[in-house]
Amino acid sequence: MAFMVILVFGRKIGDLGSGIIASVGAGLTTLFSLVVALKAIHEPIHIKLYSFLPISDYTLKLGFYFDSLSSLMALVVSFVATLIFVYSIGYMRDEFGKWVFKFYAYLSLFLFAMLLIVLSDNLLGIFFGWEGVGLASYLLIGYYHNQKKATNASFEAFVMNRIGDWLFIFGIIYTFYLFGSLDILEIFPKVEEVNKYALGVATMLLFGGAVGKSGQFPLHTWLPNAMAGPTPVSALLHAATMVAAGVYMVARLYPMFEATPQTLKLIVVIGALTMTMAALAGAVHNDIKKIIAFSTMSQLGYMFVALGVGDKGGAMFHLTTHAFFKALLFLAAGAVITAFHHHLYDIFKMGGLKKYMPITYVAFMVGALSLAGVFPFSGFWSKDRIVASMYEWSGVLGILGTIVAFVTAYYSFREGFLVFHGKERWREFYNKEVHEVEGVMTVPMGILGFVTVLSGLFGLWLEHWYVGLIGGEEKGIHLSVALVSLGVAVGGIWLAWAVYVKEVIDYRRAYESLKFIHTTFKEQFFTEKLYHNVIGGGYLSVSRLTFKGVDRGLIDGFINLLYKNFFKFVKFLWKNLDIKIIDLLIHESVLSAFRIGRVSRQLQTGLLNHYIIFLTLGVVVMLGVMLYLLERFKG
C-alpha cells in the first residue's frame, strides 16, 4: 500500500512525506508480523488467496503460510527494514527536492517483495517475490543514475541475478515435474517417494538461484559493487532482505535438500569458498562500505556451510543475529559518510572520529564486536554454533571456520580503528568540521545496538528458543570451541590494534612488500577481472570481430555486391527496355493519335455549306450502297 500511494501521489506528498509513509507502512507491517507470529508459533496459519493457474488436473493456488520459520523471519525483516526506512529520512535529507519520493517507493516495493518470498506457500509465489527484490535492487543500486559506477553496478547485479534466476526457475519447473505440485506443503510428504538423483538435480538448480541472490561464488562480484547505491539500500540489501533470501529459501525447502547429500556437499564447498575469499578481500580493502559488504558475503558463506552440514537451526539463528549487527554496521558507516557529506569513503583518509561522533563510534563497535564473535554479543552465540557444527562434520572444515573467524575479527576492527582512532587524517582531504548525525539517524542505530547487546545477553536461551521453534537440533554451548572462537576473535582484534593504532609495523610498507598478495585478495582472486575483462571483454572482442568480419565483410559485402549487380541490371533494362521499347511505343502511339487527330479535325470546319455537302455526299453514298445491295439480292 505504501508503494502504491507513493508511486501515484509521491510528487504531491513530497519527499519527506513519502519517507514518513514508507516508514509508517514498514512499522505497521512489523506490528502485524508480531501479532501473526505470536499465533503462528503455536499453530501454523495457512491462507489461500485465489486459484491462479489450472494445469491439467492440478490448479495452482497462491497463498500465504505462516509457521514459526516464516512468521519469525517476516518479523525480523520488517523490524530491521523499519529502522532502515526511518534512518534513510536523515540520510537522504540533502537530496530532498530531487524526486527522492521514488527512492521511498522502491524501498517499499523491496520490502513487499521480500515478504512475498518469506510468506508464500508455493514455489511460484516465492519466485514472484524473488524477481521483485531483483527489480527493486536494480532500481535502488542504480538510484544515482547520473553516476557511471552506480549504473554499472545495477546492471551487473541485474545480469548476475538473471543467471541465478534462470537456474532457479528451471529448478522450480523440474520440481513440478517430479512432484506434480508447487505447494511446499504438498511437496514435503512426497520427498521420499521420488528418485534421489532427479531430486538432486532439482535441488542443485534451486541452489543455483540462491548462489546468485546471496552473492556466493561464482556469482558474487555484484554484491560488493552494489555499494554504489545509497547506504540505506546497502543496509537493506545486506541485513535482512535480498541476500538473505537465498539462505531462507534453502531453509524453507530444507526437507528437499536434506534428502540429497550430494547437494548438501556442494553447498558446503560453495559456502566455504565464499566465506574464505570474501574474508580475505575484506581484510585488505579500503572502502568503508565494501569491507562490510565482503563481511556479508563471508557470513552468508557461514550460513550456507551450516545448511550444508545439516545445521538448519544454526544457519537461521545466525541469519537473524546477523541482520541486527550488520544493519547496525552499515548505518554507522552511513553516518560517517553523511558526516563527510559523501566526500570520503576511504578508511585510510579518515581517523580520529571517536570524539566527534561518539554515538556512531559506540554503534559501530557494538556491531564489530558482534561480528567478530566476542562474548557475550549475539554474534558469539550464533557463529559459535556454526563453527561447532563445522567441527562435527569435518575437522578441516572447522579449522577453516576458525581461521576465517580470526580474519573477520581482524578486518572488522581494522576498519573501526582506522575510522575512529588515530590521527585525524581526514583534515588533509576535507576542510570542514565533522559532527554527530541527527537524531533520526542515531535512534535507529541505538535501537539496533540495544537489540544486538540484549540478544547477546540472552543468547543461549534465545538460541534454544528460536531453534526449537523453527525446527532443528538444539545444541548446548561447546566450551572448547567457544574458548577457541573467543581466543581467535581477541587475537584478531589485538592484531588490528597493534598494526593500525600502535603501528608496531609500518602497514604501508607491508602492503608494498606484499603487493601481489594484497592485490590478489583485494581483487577477489581476480574473479571480477576474469568476468569483466576475459569473459565480458572476450565476448565483446568476439562480437567486434564478428561484426567486422561477418557482418561488414561477408553480409555487407554480399549485399553490396548484389546491390551493384542489381543496379547494373536495372540500368541495362532502363536503357534497352524502358527507353528503346516502352518509351518509344508510348511516344509513337501519342504521335499517331496526334497525326490522326490533326487530319480528322479538318472535318470539323464550323461552315454550314460544308456540312450540307458532307450530308449530301453521305446520302448519295448510302443510296448507292443500298441500290448495290438490292441489285445483288435480285440477281
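As the structure is a prediction and not an experimental result, all values here were calculated from the model. Heavy atoms only: backbone and side chains are in, while hydrogens, waters and symmetry mates are out.
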Colleague: Taking everything shown except Tyr138 itself, do over 12 heavy atoms lie less than 6.0 Å from its OH?
Modeller: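 At most 12 heavy atoms, drawn from other residues, nucleotides or ligands, come within 6.0 Å of this atom.
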Colleague: Cut-off 3.5 Å, no hydrogens considered: what does the side-chain donor-acceptor table look like for residues 125-136, sequence neighbours left out?
Modeller:
unit_1 : atom_1 : unit_2 : atom_2 : d
Trp130 : NE1    : Asp165 : OD1    : 2.8
Glu131 : OE1    : Arg162 : NH2    : 3.1

Colleague: Given the side-chain rings of Trp497 and Phe413, with only the six-membered ring counted for Trp, is the space between their centroids under 6.0 Å?
Modeller: no
Colleague: Looking at side-chain heavy atoms only, is the closest gap between Leu124 and Phe176 below 4.5 Å?
Modeller: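 Not in contact.
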Colleague: Nearest 0.5 Å please: distance from the OG atom of Ser412 over to the OH atom of Tyr410.
Modeller: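 Reported to 0.5 Å precision, the distance equals 11.0 Å.
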Colleague: Quick one: pull up NZ in Lys349 and CD1 in Ile347 and give me the separation to the nearest 0.5 Å.
Modeller: 12.0 Å
Colleague: Between Tyr106 and Phe103, is the ring centroid distance below 6.0 Å?
Modeller: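 Centroid distance Tyr106-Phe103: not below 6.0 Å, so no.
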Colleague: Closer than 3.5 angstrom, by distance alone: can the side chain of Trp381 be matched with the main-chain N or O of Gly456 as a donor-acceptor pair?
Modeller: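 The answer is yes, because a donor-acceptor pair under 3.5 Å joins these two groups.
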Colleague: With rounding to the nearest 0.5 angstrom, report the CH2 to CD1 distance, Trp166 to Ile163.
Modeller: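 Separation between the atoms: 12.0 Å.
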Colleague: If you take all heavy atoms of Ala26 and Phe85, which pair is closest and at what distance?
Modeller: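 Looking at all heavy atoms of both residues, the closest pair is CB-CD2, 3.7 Å.
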Colleague: Supply the atom-to-atom distance Thr274 OG1 to Met303 CE, rounded to the nearest 0.5 angstrom.
Modeller: 12.5 Å
Colleague: Output every pair passing side chain to side chain donor-acceptor pair (under 3.5 Å) with a member in residues 483-494, not counting sequence neighbours, ordered by first then second residue.
Modeller: none
Colleague: So which heavy atom on Leu140 is nearest to which on Pro230, and how close?
Modeller: O-CD, 3.6 Å
Colleague: Looking at Ser70 and Tyr65, would you say the former's side chain and the latter's main chain have a donor-acceptor pair under 3.5 Å?
Modeller: yes
Colleague: Could you tell me if the side chain of Leu223 sits less than 4.5 Å from the side chain of Leu237, heavy atoms only?
Modeller: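 No - every pair of side-chain heavy atoms lies 4.5 Å or more apart.
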Colleague: Go through Glu415 and Ile292 one step at a time and tell me if the side-chain contact (heavy atoms from CB on, under 4.5 Å) criterion holds.
Modeller: CA-CA 9 Å; Glu415 180 178 18; Ile292 307 174; 3.6 Å; yes
Colleague: Please walk me through it: do Leu273 and Gln216 pass side-chain contact (heavy atoms from CB on, under 4.5 Å)?
Modeller: CA-CA 9 Å; Leu273 276 174; Gln216 298 295 287; over 6 Å; no
Colleague: Which heavy-atom pair separates Ser389 from Asp311 by the least distance, and what is that distance?
Modeller: OG-OD2, 2.7 Å
Colleague: How far apart are the closest heavy atoms of Lys289 and Ser234, and which atoms are they?
Modeller: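 Scanning both residues completely, I find the closest heavy atoms to be NZ-OG, 3.4 Å.
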Colleague: Please determine whether the number of non-hydrogen atoms from other residues, nucleotides or ligands lying under 6.0 Å from atom CZ of Phe158 exceeds 12.
Modeller: no
Colleague: Ignoring hydrogens, what is the shortest heavy-atom contact between Leu469 and Leu72? Give both atom names and the distance.
Modeller: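 Shortest heavy-atom contact: CD1-CD1, 4.0 Å.
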Colleague: So for atom OH, which belongs to Tyr500, do other residues, nucleotides or ligands contribute more than 12 heavy atoms lying within a distance under 6.0 Å?
Modeller: yes
Colleague: With ring-ring contact (aromatic ring centres under 6.0 Å, His included) as the rule and sequence neighbours excluded, what pairs involving residues 241-266 come up?
Modeller: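 Sorted pair list comes back empty.
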Colleague: Is there a side-chain contact (heavy atoms from CB on, under 4.5 Å) between Glu392 and Val309 once you walk through the steps?
Modeller: CA-CA 9 Å; Glu392 291 175 3; Val309 301; over 6 Å; no
Colleague: With a 4.0 Å cut-off, would you call Asp67 and Arg252 a salt bridge?
Modeller: yes
Colleague: Near Phe348 CZ, under 6.0 Å, is it more than 12 heavy atoms from other residues, nucleotides or ligands?
Modeller: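 More than 12 within 6.0 Å, yes.
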Colleague: Could you walk me through whether Met242 and Asn161 pass side-chain contact (heavy atoms from CB on, under 4.5 Å), step by step?
Modeller: CA-CA 11 Å; Met242 184 78 175; Asn161 276 276; 3.8 Å; yes
Colleague: Mind checking the CG-OH spacing from Leu205 to Tyr174? Nearest 0.5 Å is all I need.
Modeller: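 Taking CG in Leu205 and OH in Tyr174, the distance rounds to 9.0 Å.
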Colleague: Can you list every ring-ring contact (aromatic ring centres under 6.0 Å, His included) pair that touches residues 281-304, not counting sequence neighbours?
Modeller: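 Output for this query lists Phe207-Phe304, His285-Phe294.
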Colleague: If we ignore hydrogens and angles and just use 3.5 Å, is the side chain of Asp287 paired with the main-chain N or O of Asp346 as donor and acceptor?
Modeller: no
Colleague: State, to 0.1 Å, how close Val387 and Val481 come at their nearest heavy-atom pair, and which atoms those are.
Modeller: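 Closest approach of Val387 to Val481: CG1-CG1, 3.8 Å.
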Colleague: Would you be so kind as to tabulate the donor-acceptor pairs closer than 3.5 Å made by side chains of residues 319-331, with sequence neighbours excluded?
Modeller:
unit_1 : atom_1 : unit_2 : atom_2 : d
Thr320 : OG1    : Met316 : O      : 2.9
Thr320 : OG1    : Tyr466 : OH     : 2.8
Thr321 : OG1    : Phe317 : O      : 3.4
Thr321 : OG1    : His318 : O      : 3.2
Thr321 : OG1    : Ser382 : OG     : 2.9
His322 : NE2    : Lys326 : NZ     : 2.9
Lys326 : NZ     : Ser295 : OG     : 3.0
Lys326 : NZ     : Thr296 : OG1    : 3.2

Colleague: Can you find a heavy atom in the side chain of Arg414 that is under 4.5 Å from one in the side chain of Val499?
Modeller: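 Of all side-chain heavy-atom pairs linking Val499 with Arg414, none is under 4.5 Å.
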Colleague: Could you tell me whether the side chain of Ser214 and the main chain of Val243 form a donor-acceptor pair under 3.5 Å?
Modeller: yes
Colleague: Is there a side-chain contact between Asn225 and Glu528 (heavy atoms, below 4.5 Å)?
Modeller: yes
Colleague: Does Lys290 use its side chain to pair, donor to acceptor, with the backbone of Met227 at less than 3.5 Å?
Modeller: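 Not confirmed, Lys290 side chain does not pair with Met227 backbone.
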Colleague: Are there over 12 heavy-atom neighbours, none belonging to Phe155, within less than 6.0 Å of that residue's CZ?
Modeller: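 No, because the 6.0 Å sphere around CZ of Phe155 holds 12 heavy atoms or fewer from other groups.
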Colleague: Should Phe380 and Leu369 count as side-chain neighbours, where that means a heavy-atom distance under 4.5 Å?
Modeller: no
Colleague: Tell me, do Met390 and Val305 make a side-chain contact under 4.5 Å, heavy atoms counted?
Modeller: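 Yes, side chains in contact.
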Colleague: Drop me the distance from Ile141's CD1 to Thr151's OG1, to the nearest 0.5 angstrom.
Modeller: 12.0 Å
Colleague: Show me the pairs that pass side chain to side chain donor-acceptor pair (under 3.5 Å) and involve residues 110-120, at least two apart or across chains.
Modeller: none
Colleague: Fit a plane to each ring of His342 and Tyr91, take the angle between them on a 0 to 90° scale, and name the class: parallel (under 30°), tilted (30 to 60°) or perpendicular (over 60°).
Modeller: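 Judged by the thresholds at 30° and 60°, the geometry between His342 and Tyr91 is perpendicular.
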Colleague: Please indicate whether Lys196 has more than 12 foreign heavy atoms, meaning atoms of other residues, nucleotides or ligands, lying under 6.0 Å from its NZ.
Modeller: yes
Colleague: Answer whether the closest heavy-atom distance between the side chains of Tyr391 and Leu397 falls below 4.5 Å.
Modeller: no
Colleague: Counting C-beta onward and ignoring hydrogens, is there a side-chain heavy-atom pair between Leu264 and Leu307 closer than 4.5 Å?
Modeller: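 Heavy-atom side-chain distance check fails, nothing below 4.5 Å.
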Colleague: Side chains of Thr452 and Ser370 only: does a donor on one sit below 3.5 Å from an acceptor on the other?
Modeller: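 Note: Thr452 and Ser370 side chains miss the donor-acceptor criterion.
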Colleague: Do Glu156 and His532 pair up side chain to side chain, a donor and an acceptor below 3.5 Å, judged on atom types alone?
Modeller: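 The criterion, which ignores hydrogens and geometry beyond distance, is satisfied for His532 and Glu156.
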Colleague: Using only atom types and a distance under 3.5 Å, with no angle test, would you say the side chain of Thr260 pairs donor to acceptor with the backbone of Gly200?
Modeller: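 No; zero donor-acceptor contacts below 3.5 Å.
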